[in-house]
Amino acid sequence: MKTTKILYALALACASMGITSCVDILDVTPMNSFSDEAVWNDLSLSETYLNAQYVNLLAENSKGTRFSNYTDEVFQKHTYGSENVTQGLLNCDTYGIAWDVTMWDPWGTYYGYIKSINHFLERIDEVPGDEEWRNWQKGQALFLRAWNYHMLYSLYGRVPIVDHTYGLNDSFEEKRADMDKVAEFIVKDCDDAAALLPVEYPDNSDFGRATKGAALALKSRVLLYQASPLFGTPSVKKWEAAATAAHKVFELNKYHLQDINTVDVKTNPKEVADAYGKLFLDPQNPEVIFEKLFDPKYGAGENNSYLFQVPCGIGNGFQGWGNFNPSQEIANFFQNSDGSSFIPQSEYTARADEQPEMWKGREPRFYAALILDGDMWGYGDARREVEVFIPGEEGVAAGKDSNQGEYWWNASNTGYSMRKFLDPNYDASGTTMHSTPWFFIRLSEIYLNYAECQLQLGKIEGSEGAREYINKVRRRVGLPDVKAGDDIWSAYYYERQAELVFEGQRWFDLRRWKKMEECYSKPVTGVVVYKYKDGSKNM
């Protein structure tokens, strides 16, 4: 055998050199990996193991299918397995909800991550070295286990609780725990993590790692879900627990909503929109509680926002796949800049030098969320107007980004593209990878979590009432306050969708409120823009 010949040759070489033993040569520690025992004898190596668990967190901006695409917010052009959800095809044999790793087999994937974290938690206490550093690592692992269980809980409700690794002779039989027991397990991991983790790491040296705030914020989300109808029987006790958990995040005095200039929001909401949009590009944004950082140089990967979001023919050296098409329903949803509801008309017209009235005077988050026909987009020399229009009469060329244009197969089916999360200064034709972060938890979500709890508890007025926390989110983008006498629940639902649009929250919200059937009973539509020889348009 080939192996025998190699070993025999090594033995002859050892003998010829007068070496009495060849065992040390053959028994060499691999240079490209570490043994299990080596990892648990060095805090630097155990941290390396922990770092791999962060890489496992698949952010929405890395996916070809996002949770927002299962709602009325987005039409997904290229299905990538999303049809199992959107067409009602899920069953025991067809359970993948998309093609990305954590969505093709969520159950197996998340439990695989949990297994690795359980192994870490079983060994970390024996690693010698600085106690504070070891505790921080343990706290992060507890948070990451809680995170993965929160994803399973959000998707399935009742799941087996596995807090240990298995030996070869162990029984592998596990039963699904009651939903409240699952929530309690996650909450305990969050509490234990919060007790070990710092509010921030010294000198910002470990920026991006889980903190006390992240653990408390995740607890807030899980308890909000537990109190919701889908996850059992709501009760005052559950809503109070969820409200208390959210308030614990505020008490850290660590996070705040980034101020942006909203003085001229009624006359120029697009300027406010630009400032608001930049918040999602800044990993140091003061409202971010937990995020996914990307760094291709060190193996943390890149996101796929440009590939899946940009219009099909916009340039930047790479044609986008136009996969995420915001709906007309979400376009109509956004209020006007004065806080009044937008009321759609049957037809809109515009001169050659302007956009249709439908898109004028809307609140800033409308412009931060959507790329519209006539908007400028692209980097450097590739910057130009987005063209989703089609000919309104003979002799007019179809727009480059339309379904009759050069790249029609990737054109938006709805006439809209997703602007949110895209960096307008990113050169996709260059060699730099796209590393815009993904915000898993932001302070505005926790404000809204708290507001929902207070609404359920009937606490609407005052500095700790629901209205005040809804208005905190509205004021940041220059919208007028919700006042006494206004429909407070409608205001809350509006803020939750407008503020968290495309961030993957709405699908879980609709499910936990048991409103998914209401959402799916309505068609998702788009806009058709016609252009004429004189440059005017109508829709």
Side-chain angles (χ1 to χ4, degrees), residues 29-30 32-58 95-96 100-197 209-210 214-215 218-219 222 290 292 299-300:
T29 301
N32 62 348
S33 63
F34 298 99
S35 69
D36 196 54
E37 290 309 310
V39 170
W40 311 119
N41 277 286
D42 187 327
L43 284 172
S44 295
L45 296 184
S46 62
E47 185 168 82
T48 299
Y49 182 104
L50 181 65
N51 291 345
Q53 313 317 312
Y54 280 97
V55 175
N56 286 339
L57 297 174
L58 189 63
Y95 53 85
D100 305 284
V101 60
T102 56
M103 301 178 85
W104 176 250
D105 179 13
W107 186 279
T109 301
Y110 287 121
Y111 273 113
Y113 297 160
I114 289 166
K115 178 194 71 172
S116 297
I117 296 168
N118 282 340
H119 182 57
F120 181 94
L121 288 168
E122 289 172 349
R123 301 298 302 269
I124 186 60
D125 284 337
E126 66 193 63
V127 181
D130 180 75
E131 182 179 5
E132 184 177 65
W133 189 8
R134 183 169 55 251
N135 284 339
W136 287 350
Q137 291 187 31
K138 184 175 182 179
Q140 291 171 65
L142 287 164
F143 170 83
L144 291 170
R145 183 168 70 179
W147 180 268
N148 285 294
Y149 263 113
H150 127 270
M151 290 304 304
L152 287 168
Y153 177 65
S154 302
L155 289 166
Y156 303 110
R158 295 179 62 242
V159 297
I161 297 173
V162 182
D163 61 356
H164 60 280
T165 56
Y166 293 97
L168 291 177
N169 297 319
D170 290 345
S171 170
F172 289 84
E173 295 181 2
E174 297 285 352
K175 294 182 178 180
R176 295 178 185 234
D178 290 340
M179 282 195 284
D180 281 350
K181 293 295 183 184
V182 179
E184 290 165 9
F185 177 81
I186 300 169
V187 166
K188 184 179 185 305
D189 268 1
C190 289
D191 285 338
D192 291 346
L196 294 170
L197 292 170
R209 294 187 183 278
L218 179 58
K219 177 181 176 180
V222 171
F290 185 58
K292 173 68 178 276

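- Between Val159 and Trp107 there is a side-chain heavy-atom pair separated by less than 4.5 Å.
- In terms of the ring pair (Phe, Tyr, Trp, His ring centres under 6.0 Å) criterion, residue partners of Trp136 (sequence neighbours excluded) are, by chain and number, Tyr201.
- For the pair Arg145/Leu121, a side-chain contact is recorded, criterion being any heavy-atom separation below 4.5 Å from C-beta on.
- Residues Arg158 and Val182 are not in side-chain contact: their nearest non-hydrogen atoms beyond the backbone lie 4.5 Å or more apart.
- Considering only heavy atoms from C-beta on, Ile117 stays 4.5 Å or farther from Trp147 through its side chain.
- For the atom pair Glu184 CD and Asp191 CG, the distance stands at 11.5 Å (nearest 0.5 Å).
- The aromatic rings of Trp40 and His119 stand perpendicular to each other, their planes meeting at an angle above 60°, with 30° marking the opposite boundary.
- Residues Tyr166 and His164 are in side-chain contact: their nearest non-hydrogen atoms beyond the backbone lie under 4.5 Å apart.
- Looking at Arg209 and Asn51, their side chains come closer than 4.5 Å, going by heavy atoms from C-beta outward.
- A donor-acceptor pair shorter than 3.5 Å cannot be found between the side chains of Tyr111 and Glu174.
- Residues Ile124 and Leu50 have side chains not in contact (no heavy-atom distance under 4.5 Å, counting atoms from C-beta outward).
- One N or O on the side chain of Tyr149 and one on the backbone of Val162 form a donor-acceptor pair closer than 3.5 Å.
- In the model, Asn41 has no side-chain atom that pairs as donor or acceptor with a side-chain atom of Arg123 under 3.5 Å.
- Using a distance-only test at 3.5 Å, with no hydrogens or angles considered, no donor-acceptor pair links the side chain of Lys138 to the main chain of Asp125.
- Proximity of Gln53 to Ser116: side-chain heavy atoms (C-beta onward) are separated by under 4.5 Å at one or more points.
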